[in-house]
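In what follows, a structure is listed as structure tokens, so that the remarks can point back to it.
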Amino acid sequence: MAPLFSNRRGSNQRFDVNLSILFTELPLLERPAAAAAAGFTAVELWWPWIETPTPEQAELDALKKALDDAGTQLVGLNFYAGALPGPDRGALSIPGEESDRFRANIEVAAGFAASVGCKALNALYGNRVEGADPQVQDTLALENLVLAARAAHRVGAILLVETLNKPESPLYPLVSAPSAIEVIDKVNAATGLGNAKFLLDIYHLSMNGENVSEVIEAYADKTGHVQIADNPGRGAPGTGSLPLEDLLDQLTKAGYDGWVGLEYKAPDAAASFGWLPAEARAAN
């Protein structure tokens with residue numbers, strides 16, 4: 001694939017590879033080295049241990065060593081979110097055991113982030129549950145997000161809240177940019193910390209039929225992380241019809257200087273990066 005982003009016009013955009021959706025043919029501990037071999041110096045992860053919010057310290061240490069040995073910086077990490085990939089879309093708004101598991105994970109995730117210098121923690125909201133009052137779920141969510149925001153603050157990180165898309169996540173309540181921003185504003189009002197930020201995922205917004213350019217114009221100043229995939233298909237840039245380079249340039253002009261996570265699907269991750277020149281892969 002010929003580079004789409006061949007003329008970056010002095011751009012300081014920083015790209016990272018999501019190792020929970022790319023290089024998944026490899027064991028977790030081999031993925032940082034694979035990203036480094038492709039030229040990247042930064043990576044992000046969903047919570048890697050979907051079966052437990054509190055893995056053994058040896059597992060955390062092994063992942064840290066894999067990141068360090070590869071020379072890759074972890075720049076984004078999800079809190080425990082249930083079975084993801086799978087049917088779940090987070091745990092923090094689900095009453096009972098899942099909420100308890102999220103709370104048990106907060107200090108573990110924040111502690112691991114601190115150990116590797118990761119400055120962004122993403123808290124997926126969780127699906128609506130049959131038989132549960134949505135207001136009860138939203139109250140619980142705010143309580144848990146406040147706890148997560150305070151934990152993130154203690155380790156010098158931001159808390160991210162993400163919009164997903166309704167076609168693929170029909171039970172997830174935050175399926176528009178304004179719905180996520182409303183939650184973010186409530187968290188910041190409750191904590192006074194101002195460290196809750198928007199995870200602006202261009203693919204999810206486009207799947208919801210939102211005007212991504214207008215979302216950027218409205219919320220660039222509240223955005224803490226960006227993720228990209230093309231649409232349709234959730235593939236690499238150039239496999240769909242989204243003007244991703246233009247949208248990223250708009251973000252830059254609006255003052256966003258954070259990370260751009262590559263959260264797309266590719267049968268061969270190493271072969272999928274042709275759209276991005278090699279010299280643009282290593283973060284400045």
Side-chain angles (χ1 to χ4, degrees), residues 11-20 42-47 73-81 89-90 92 106 109-110 112-114 116-125 141-142 144-165 172 174-205 210 212-229 244 247-263 283-284:
S11 171
N12 291 320
Q13 286 165 1
R14 299 177 293 164
F15 297 93
D16 72 88
V17 178
N18 187 305
L19 296 181
S20 295
V43 297
E44 62 182 60
L45 280 165
W46 303 340
W47 184 247
Q73 174 66 51
L74 187 69
V75 299
L77 176 67
N78 282 15
F79 286 104
Y80 170 79
R89 297 292 186 270
L92 62 91
I106 289 175
F112 182 75
V116 296
C118 177
K119 300 298 184 183
L121 289 158
N122 183 30
L124 285 171
Y125 200 83
L142 182 57
N144 283 334
L145 286 167
V146 165
L147 294 173
R150 289 173 175 157
H153 178 73
R154 287 194 292 272
V155 299
I158 59 173
L159 173 74
L160 297 170
V161 177
E162 182 175 7
T163 292
L164 299 183
N165 75 78
Y172 192 81
L174 306 184
V175 289
S176 71
S179 64
I181 295 295
E182 181 180 2
V183 171
I184 289 161
D185 289 345
K186 287 180 179 178
V187 174
N188 285 331
T191 65
L193 298 172
N195 71 327
K197 301 286 186 177
F198 183 38
L199 198 168
L200 193 159
D201 186 305
I202 291 175
Y203 169 75
H204 287 312
L205 294 171
E210 294 188 76
V212 180
S213 182
E214 290 180 0
V215 171
I216 291 170
E217 183 178 355
Y219 302 125
D221 61 332
K222 295 187 176 185
T223 297
H225 191 71
V226 171
Q227 292 173 333
I228 63 170
L244 290 169
L247 292 169
L248 292 182
D249 283 345
Q250 183 187 351
L251 271 159
T252 298
K253 291 172 183 174
Y256 178 75
D257 60 359
W259 293 96
V260 177
L262 310 183
E263 196 186 52
N284 297 325

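- You'll find the side chain of Tyr256 stays beyond 4.5 Å of the side chain of Ile216, heavy atoms only.
- The nearest pair of heavy atoms linking Ala157 to Cys118 is CB-O, 4.1 Å.
- Looking at heavy atoms from C-beta onward, Leu159 lies out of side-chain contact with Arg150 at the 4.5 angstrom threshold.
- The line from OG of Ser213 to CG of Leu205 is 11.5 Å long, rounded to the nearest 0.5 Å.
- Here the shortest heavy-atom pairing between Leu145 and Ala123 reads CD2-CB, 3.7 Å.
- Screening residues 152-163 for side-chain hydrogen bond (donor to acceptor under 3.5 Å, both in side chains) gives Glu107-Arg154, Asn122-Glu162 as the qualifying pairs, with residues at least two apart or on separate chains.
- Note that the CG atom of Asn18 and the CG atom of Leu45 stand 6.5 Å from one another [nearest 0.5 Å].
- Judged by distance alone, with hydrogens and angles left aside, the side-chain atoms of Glu263 form no donor-acceptor pair with the main-chain N or O of Val226 at under 3.5 Å.
- Every residue was checked against the salt bridge (charged side-chain N to carboxylate O under 4.0 Å, His left out) condition with Glu44, not counting sequence neighbours, and none meets it.
- Side-chain contact between His204 and Glu210: absent, with no pair of heavy atoms (C-beta onward) separated by less than 4.5 Å.
- Closest of all the heavy-atom pairs between Gly156 and Lys119 is O-CD, 3.3 Å.
- Here the CD1 atom belonging to Ile228 is positioned 11.5 Å from the CG atom belonging to Leu200, to the nearest 0.5 angstrom.
- Nearest heavy atoms, Leu160 versus Ala120: CD1-CB, 3.9 Å.
- Applying the side-chain hydrogen bond (donor to acceptor under 3.5 Å, both in side chains) test to every pair with at least one member in residues 183-195, sequence neighbours left out, gives these pairs: Asp185-Lys222.
- Counting heavy atoms from C-beta on, the side chains of Asn165 and Tyr203 come closer than 4.5 Å.
- The minimum heavy-atom distance between Tyr172 and Arg89, with the atom names listed, is CE1-O, 3.4 Å.
- Once rounded to the nearest 0.5 Å, the distance linking OG1 of Thr223 with CD1 of Ile181 reads 6.5 Å.
- Interatomic distance, Phe79 CZ to Ile106 CD1, rounded to the nearest 0.5 Å: 6.0 Å.
- If you take CG on Leu164 and CG on Asp201, they are separated by 7.5 Å, rounding to the nearest 0.5 Å.
- When all heavy atoms of Ala180 and Phe198 are compared, the closest pair comes out as CB-CE1, 3.8 Å.
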